[in-house]
There are 2 protein chains.
Amino acid sequence: MPQTSLSSALFTLAQSYRVTVREAINANELGLNALHVRCLHIIAETQHCTANDIVTKTGRDKAQIARLVKELIKLELVSKCADENDKRCLILSFTDQGNALFSRLEVAEQEVDAKLCHGLTDQQVRDFIAIATTMIENINHNTP
Amino acid sequence: MPQTSLSSALFTLAQSYRVTVREAINANELGLNALHVRCLHIIAETQHCTANDIVTKTGRDKAQIARLVKELIKLELVSKCADENDKRCLILSFTDQGNALFSRLEVAEQEVDAKLCHGLTDQQVRDFIAIATTMIENINHNTP
DNA sequence: AGCGTATAGTTGACTATATCAACTATTGGG
DNA sequence: CCCAATAGTTGATATAGTCAACTATACGCT
């Protein structure tokens, strides 16, 4: 089944990726979906991360993110607490459980990544990410 | 907003792509979504294309495809007719309207692709597709 | 021929994702 | 002090994706 066009390659890849991540995550019985995972990553890598940070970094609807975060809180992976200076901002941070789970998650992700990149050189993967990043910027910026 | 990991690059790109295609398509008031478009492509490029061909090529649920095809037929873009030799198979083909729309669609797609690939060389795009294809194969095949 | 099994497609019920608009609470600037 | 802007929440609704049961045809077999 050769992939010819850019769009179909992209589409197929995104779909397959979603399915695989979900399998990996369900297999690990973490009870999270791919977007939960992205949120956790963003929370992990962002200093005093707010819901709005997640919105801008993912490009999703803020309603969707609000509900997602609510779930993470319900699962006791994440806690929120109002910013001292600006009480509108609710800073998100990991609980102990959240930290523990995130470690496990990184392992699971590395497995998915390794599977995905099987047979590819590091350089190819780097190039791929670089090109994807350029495409993302093209889409986001150039709106003539 | 630098994209570091493979997964976040993929995810963001897929999301952005979906949004952009949808905008392009809505802008052209074709009333179709990205998956409709993929179906049309597959129908266009497949000799006596059946619903099942679309299922295998897209990896989606056959129920979803069935409904999608039904919509395309309702829109009078596509017609189906039983195969002479195997009456279970319903061959899908474009109507005149379908052909006309597909042409317009290709133009719209080229614009999206051009926007996406702005600043990239042909070689880079080819490499990108090739790597994406490898990744897709990795995901589909290696299930140890 | 008649039987079982595989395949193509359809449908219903359901779950998950995504989007829009209205709303509250706070903030900072005039 | 008032107002526009910002962060977040919620309800309603739309879109997409999944699962299982079902029909109809086809194929292989003894």
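D83(A) contributes no side-chain N or O that, together with a main-chain N or O of L90(A), makes up a donor-acceptor pair within less than 3.5 Å.
The separation between E71(A) atom CD and dT9(D) atom C1' is 14 Å, rounded to whole Å. One atom, CG of L35(B), and another, P of dA18(C), lie 15 Å apart when rounded to the nearest Å. Here the P atom of nucleotide dT10(C) and the CD1 atom of I54(B) are 11 Å apart, to the nearest Å. In this structure, K70(B) atom NZ and dG9(C) atom C1' are separated by 11 Å, rounded to whole Å.
At a non-hydrogen distance threshold of 4.0 Å, N85(B), D86(B), K87(B) from residues 73-87 of chain B come into contact with DNA chain D. Near DNA chain D, defined here as any heavy-atom distance below 4.0 Å, the residues from residues 60-67 of chain A are K62(A), A63(A), A66(A), R67(A), listed numerically.
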Checklist entry - Can you list the steps and then say if V78(A) with L40(A) is a side chain to side chain contact (heavy atoms under 4.5 Å, CB included)? => result CA-CA 9 Å; V78(A) 163; L40(A) 292 178; 4.0 Å; yes
Item to check | Intermediate values then yes/no, side chain to side chain contact (heavy atoms under 4.5 Å, CB included), E109(B) and H41(B) | outcome: CA-CA 11 Å; E109(B) 276 210 336; H41(B) 273 280; 2.9 Å; yes
Item to check | Stepwise side chain to side chain contact (heavy atoms under 4.5 Å, CB included) test for Q97(B) and L101(B) | outcome: CA-CA 6 Å; Q97(B) 281 190 55; L101(B) 184 138; over 6 Å; no
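Taken to the nearest 0.5 Å, the SG atom of C89(A) stands 8.5 Å off from the NE2 atom of H48(A).
Partners of D86(B) according to the side chain to side chain donor-acceptor pair (under 3.5 Å) rule, which considers only residues two or more places apart in sequence or in another chain, are R88(B).
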Distances for protein N/O vs nucleotides 1-3 of chain D N/O pairs under 3.5 angstrom?
none

Grab the N/O contacts between the protein and nucleotides 13-15 of chain D below 3.5 Å, and write none if there aren't any.
none

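Heavy-atom minimum distance, C39(A) versus I54(A): SG-CG2, 3.7 Å. Pairing each heavy atom of F94(B) with each of A44(B), the nearest pair is CE1-CB, 3.8 Å. Contact detail for L92(A) and A51(A): the closest heavy-atom pair is CD1-N, 4.0 Å.
Taking every side-chain heavy atom of L90(B) into account, dT10(C) is the closest of dA7(D), dG17(D), dT10(C).
Residues I42(A) and L35(A) do not share a hydrophobic cluster, defined by chaining ILVMFWY side chains whose heavy atoms lie under 4.5 Å apart. There is a path of hydrophobic side-chain contacts, each under 4.5 Å, that joins V125(A) to I136(B).
Heavy-atom neighbours of Q123(A) CD from other residues, nucleotides or ligands within 6.0 Å: above the threshold of 12.
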Identify every side-chain donor-acceptor pair in residues 59-77 of chain B under 3.5 Å, counting partners at least two apart or on other chains, and give the distances.
from: D61(B); atom 1: OD2; to: A63(B); atom 2: N; distance (Å): 2.9
from: E71(B); atom 1: OE1; to: H36(B); atom 2: NE2; distance (Å): 2.6

